[in-house]
2 protein chains.
Amino acid sequence: MTDTDMNTDAHNGIDYSMLQSRIGYMLRRAQMAYFDIFAEACAKEGITPGLFGILAIVYRNPGLTQTAVSSALDVDRSAMVAAIDKLEEMEVMERRKSQNDRRSYALYLTDKGKAFTDRLNRTVIERESDFEHFLNEDDREWLLKILDRIVQAKKGN
Amino acid sequence: MTDTDMNTDAHNGIDYSMLQSRIGYMLRRAQMAYFDIFAEACAKEGITPGLFGILAIVYRNPGLTQTAVSSALDVDRSAMVAAIDKLEEMEVMERRKSQNDRRSYALYLTDKGKAFTDRLNRTVIERESDFEHFLNEDDREWLLKILDRIVQAKKGN
DNA sequence: TTTAAATTGTTTATGTGTCAAACAGTGTGC
DNA sequence: GCACACTGTTTGACACATAAACAATTTAAA
């Protein structure tokens, strides 16, 4: 990189230096980029990224309550209601009355839901993989580890 | 990491394996974590992350039009109107009539705005730095490079 | 030169998502 | 038994992204 184009975007000649060195900002931009292809893969299966998260958690952890899932995904539990309504409407998830606690529901995937989530997961992995030609396996693993460290660091304030 | 807690969050015992291996998802979570401290640093100076972005671009690229800034930050140009109204109200930025094109404005920081952005930038850097004790300088540089690669990769679809 | 098309800043409407508060029903602990 | 906490749920407020439309202005085509 030469002296003249340092800190300057090649395409539009704009100096991003004050933002490009902020991890917070670069995470946002990278997330926006990934979100597009993630959302596109989900849309292909008739679903949204938010619903994918719920399916992915319940797939691996059947029987969780709505609040437990909302907590796992770090979203408000009031947002679960409409989301799970929709998933039930699609007949991929079902609310079963909890045995020990009559306030809550236990969430399970239907057989259709398991197959659906499997296919969805493969689609997402495949679509991400197509996009990730600029990352080798080591890069990818390292990035995931660093990102996890960031997420964990936040929990302890 | 033992076999029993692999793919399982230590705190709540939930299996995140389907999400934890998705870069798109991890970027989202990491971005949420960073956004909190970024927004907090901005709030301390009476501003929002979005406005910080505009200040950072105009600081380094005085004279840009509103559309050019919106394009640089990848937001809709209609969102610029209220944002720059507020920055003018704070007397940190000003719209000057463009010489060659009477449709557009050229954006400049006031002296107050330059000092403000300097202080704001220091606050953000300092606050991020406090949070980044789990990253060494090599990690940080590497992460920024990877994130930039992701952002650039998206441009070429 | 005249005319059609594109661009600028702006407003408006619409959807979407987040957030806080409240509620009835139910569980827990003193 | 009683106060308190938790569940799913609804509601309203607020921000934010998206799209469409508009007048003024510039650019390109004929």
Side-chain angles (χ1 to χ4, degrees), chain A residues 12 25 28-29 31-36 38-40 42-43 46-54 57-58 63-89 93-108, chain B residues 12 25 28-29 31-36 38-40 42-43 46-54 57-58 61 63-89 93-108 154:
Chain A
N12 52 22
Y25 179 75
R28 191 179 100 88
R29 295 302 293 261
Q31 193 266 325
M32 284 170 63
Y34 254 91
F35 184 82
D36 282 352
F38 191 93
E40 182 190 321
C42 287
I47 215 172
T48 65
L51 296 181
F52 174 83
I54 298 175
I57 290 293
V58 176
L64 285 185
T65 67
Q66 294 185 191
T67 301
V69 173
S70 76
S71 167
L73 294 171
D74 212 18
V75 301
D76 199 282
R77 67 190 208 275
S78 63
M80 286 291 111
V81 182
I84 295 179
D85 282 353
K86 188 169 293 184
L87 292 174
E88 273 195 324
E89 207 173 308
M93 188 175 288
E94 59 182 16
R95 289 185 242 234
R96 296 187 199 159
K97 284 199 205 304
S98 177
Q99 300 280 4
N100 20 353
D101 190 338
R102 288 187 300 175
R103 290 171 303 180
S104 63
Y105 296 113
L107 299 175
Y108 292 91
Chain B
N12 53 21
Y25 179 76
R28 191 178 99 87
R29 295 302 292 262
Q31 193 266 327
M32 284 170 63
Y34 254 91
F35 184 82
D36 282 352
F38 192 93
E40 183 190 321
C42 288
I47 215 172
T48 65
L51 295 182
F52 174 82
I54 298 175
I57 290 294
V58 176
N61 308 269
L64 286 186
T65 67
Q66 294 185 190
T67 300
V69 173
S70 77
S71 167
L73 293 171
D74 212 18
V75 300
D76 199 282
R77 67 195 151 97
S78 63
M80 286 291 111
V81 182
I84 295 179
D85 282 351
K86 188 169 294 184
L87 292 174
E88 274 195 324
E89 206 173 310
M93 187 175 288
E94 60 182 15
R95 287 185 245 234
R96 297 188 200 158
K97 284 199 205 303
S98 176
Q99 301 279 4
N100 21 351
D101 190 336
R102 287 187 299 173
R103 291 171 302 179
S104 62
Y105 296 113
L107 299 176
Y108 291 92
K154 187 56 190 357

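In the text below, chain A, chain B and the rest are named by the order of the sequence lines, each starting its count at 1. None of the values given here were measured: they were computed from a predicted structure.
By the side-chain contact (heavy atoms from CB on, under 4.5 Å) test, B:A106 pairs with B:Y108, sequence neighbours left out. In this structure, the salt bridge (Lys or Arg N to Asp or Glu O under 4.0 Å) partners of B:R96, at least two apart in sequence or on a different chain, are B:E94. By the side-chain hydrogen bond (donor to acceptor under 3.5 Å, both in side chains) test, A:R103 is found to be paired with A:D101, residues two or more places apart in sequence or in another chain being considered. By the side-chain contact (heavy atoms from CB on, under 4.5 Å) test, A:A39 pairs with A:F35, A:P49, sequence neighbours left out. Listed by chain and number, the residues in a side-chain contact (heavy atoms from CB on, under 4.5 Å) with B:D85 are B:V81, B:R95 (sequence neighbours excluded). Here B:Y25 pairs with nothing under the ring pair (Phe, Tyr, Trp, His ring centres under 6.0 Å) rule; sequence neighbours left out.
Pairs passing the side chain to side chain donor-acceptor pair (under 3.5 Å) check and including a residue from residues 71-82 of chain A, sequence neighbours excluded, read A:D76-A:S78.
Side-chain contact check for B:T67 versus B:M80: every heavy-atom pair is 4.5 Å or farther apart.
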| note | Protein heavy-atom contacts under 4.0 Å, written 5' to 3' over nucleotides 13-30 of chain C as B (base), S (sugar-phosphate only) or - (none), form the string -------B----BBS---
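Chain A approaches DNA chain D within less than 4.0 angstrom (heavy atoms of the protein), and the contacting nucleotides run 5' to 3' from D:dC6 to D:dT10.
Within the nucleic acid shown, B:T65 comes within 4.0 Å of sugar-phosphate atoms alone, with no base atom in reach, counting heavy atoms only.
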